[in-house]
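Presented below is the structure to which this report refers.
Numbers restart at 1 for each chain; the letters A, B, ... are given by sequence-line order, proteins then strands. Note that the structure is a prediction, hence the values are computed from the model and not measured.
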Amino acid sequence: AQKITQTQPGMFVQEKEAVTLDCTYDTSDQSYGLFWYKQPSSGEMIFLIYQGSYDEQNATEGRYSLNFQKARKSANLVISASQLGDSAMYFCAMREVSYNTDKLIFGTGTRLQVFP
Amino acid sequence: DTEVTQTPKHLVMGMTNKKSLKCEQHMGHRAMYWYKQKAKKPPELMFVYSYEKLSINESVPSRFSPECPNSSLLNLHLHALQPEDSALYLCASSQDWGPTNTEAFFGQGTRLTVV
């Protein structure tokens, strides 16, 4: 079974600064993918970025980038130039797929608060 | 358009009521999901529909009854719920069953309170 670990329950960052949210994972699969989602207080889960296990380069999407270290089994999210609207819960996830399942396995999440 | 629409956004129901949650997507996705999220916890899978057929039921109590009338719609029928069923119910869709490199898109969720 796959497992996602997020060890930072909460993080604070000042506006315009960069912040790194940690994620480690455990899987026996050779091919896998890692996802980051943002969940504001409104409840919607917003897809941010994806990293495949065979991708040679770290994924980037605008202000979001993923620091992928395969040997360490870590996939940390880096948010550059933080904005007040970045305040939210952030979940790291993997998709677990077999003949009888297809689900996202989430970590426990990190609550990010951006202050002026 | 990467939108999944859920209605209602908020629902308060008594333990003897029957209500339904609705979810709609127009991305042509063939896999649709219901997740349940308790406060301060990550989402947990309840059901998966693939090509309009129920593929996975994660041992969910029968007071929750899913339905997929067509490829764009997913319902969750609720009956005789308990206060501990109060949670955020999230609908999601994905292009297809299985590819580990394909993201799922979520709706805004329905915040359900059972009184």
Side-chain angles (χ1 to χ4, degrees), chain A residues 1-6 9-10 21 23 25 27-55 59 61 64 66 68 75 88-111, chain B residues 2-11 21 23 27 29-51 53-60 87-112:
Chain A
Q2 297 170 333
K3 185 177 179 182
I4 299 285
T5 302
Q6 294 179 256
L21 306 184
C23 172
Y25 60 91
T27 180
S28 57
D29 294 340
Q30 295 300 310
S31 176
Y32 54 88
L34 293 141
F35 304 85
W36 276 92
Y37 285 86
K38 171 185 178 182
Q39 188 174 40
S41 57
S42 61
E44 182 180 7
M45 294 284 282
I46 302 167
F47 166 70
L48 295 178
I49 195 167
Y50 165 82
Q51 178 80 47
S53 58
Y54 291 122
D55 293 342
E61 286 287 347
Y64 304 108
L66 212 149
F68 182 50
M89 196 74 163
Y90 289 81
F91 289 99
C92 181
M94 293 182 77
R95 191 167 176 175
E96 183 174 279
V97 177
S98 70
Y99 74 96
N100 66 349
T101 193
D102 176 10
K103 62 183 175 184
L104 284 167
I105 306 294
F106 291 91
T108 51
T110 296
R111 180 165 297 282
Chain B
T2 56
E3 191 170 284
V4 177
T5 304
Q6 286 187 246
T7 55
K9 288 189 171 49
H10 300 273
L11 179 63
L21 310 184
C23 173
M27 295 176 279
H29 288 175
R30 308 309 300 192
M32 296 186 75
Y33 312 78
W34 282 113
Y35 283 81
K36 175 181 179 179
Q37 186 178 19
K38 298 284 282 183
K40 301 187 189 303
K41 297 286 188 182
E44 294 182 339
L45 182 69
M46 299 175 72
F47 302 103
V48 182
Y49 273 82
S50 177
Y51 289 84
K53 292 191 189 315
L54 182 62
S55 300
I56 298 172
N57 176 340
E58 292 277 297
S59 303
V60 178
L88 179 67
Y89 289 84
L90 290 160
C91 174
S93 72
S94 183
Q95 192 168 17
D96 208 339
W97 168 296
T100 57
N101 64 344
T102 306
E103 65 270 36
F105 295 97
F106 286 80
Q108 283 193 318
T110 295
R111 290 194 188 275
L112 174 68

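Heavy atoms closer than 4.5 Å to chain B are found nowhere in Tyr54(A), neither backbone nor side chain. Proximity to chain A is absent for every atom of Thr110(B), based on heavy atoms less than 4.5 angstrom apart. Residue Glu96(A) does not touch chain B at all, counting heavy-atom pairs closer than 4.5 Å. Contact of Asn57(B) with chain A is not made at all, since no heavy-atom distance falls under 4.5 Å. If you measure heavy-atom distances from Gln6(B) to chain A, you find no contacts under 4.5 Å at all. For a residue to count as touching a neighbouring chain, one of its non-hydrogen atoms must lie under 4.5 Å from one of that chain's; by this rule Asp102(A) touches chain B with backbone and side chain alike. Interface residue Tyr32(A): only backbone heavy atoms are found under 4.5 Å from chain B. Only the backbone of Ser98(A) comes within contact range of chain B, with heavy atoms under 4.5 Å apart.
Distance check, rounded to the nearest 0.5 Å: CD of Gln108(B) to OG1 of Thr7(B) gives 11.0 Å. Taken to the nearest 0.5 Å, the CE atom of Met94(A) stands 8.5 Å off from the SG atom of Cys23(A). Within the model, atoms OH of Tyr64(A) and CD1 of Ile49(A) stand 9.5 Å from one another, a figure rounded to the nearest 0.5 Å. The OG atom of Ser93(B) sits 15.5 Å away from atom OH of Tyr49(B), with the distance rounded to the nearest 0.5 Å.
Of all the listed residues (Glu44(A), Met45(A), Lys103(A), Arg95(A)), the one sharing the greatest number of non-hydrogen pairs under 4.5 Å with chain B is Arg95(A). Comparing Thr108(A), Thr101(A), Ile105(A) by how many heavy-atom pairs each has under 4.5 Å with chain B, the most go to Thr101(A). Taking chain A as the reference chain and counting heavy-atom pairs below 4.5 Å, the highest number among Gly109(B), Pro43(B), Ser50(B) is found for Pro43(B).
Sorted by first then second residue, the salt bridge (Lys or Arg N to Asp or Glu O under 4.0 Å) pairs that include residues 33-45 of chain B, not counting sequence neighbours, are Lys36(B)-Asp85(B).
Scanning all heavy atoms of the two residues, the minimum distance from Leu21(B) to Pro8(B) falls at CD2-CD, 4.2 Å.
For Phe91(A), the ring pair (Phe, Tyr, Trp, His ring centres under 6.0 Å) partners two or more places apart in sequence, or in a different chain, are Phe106(A).
A perpendicular orientation is assigned to the rings of Phe106(B) and Tyr37(A), their planes being inclined by more than 60° (bins at 30° and 60°).
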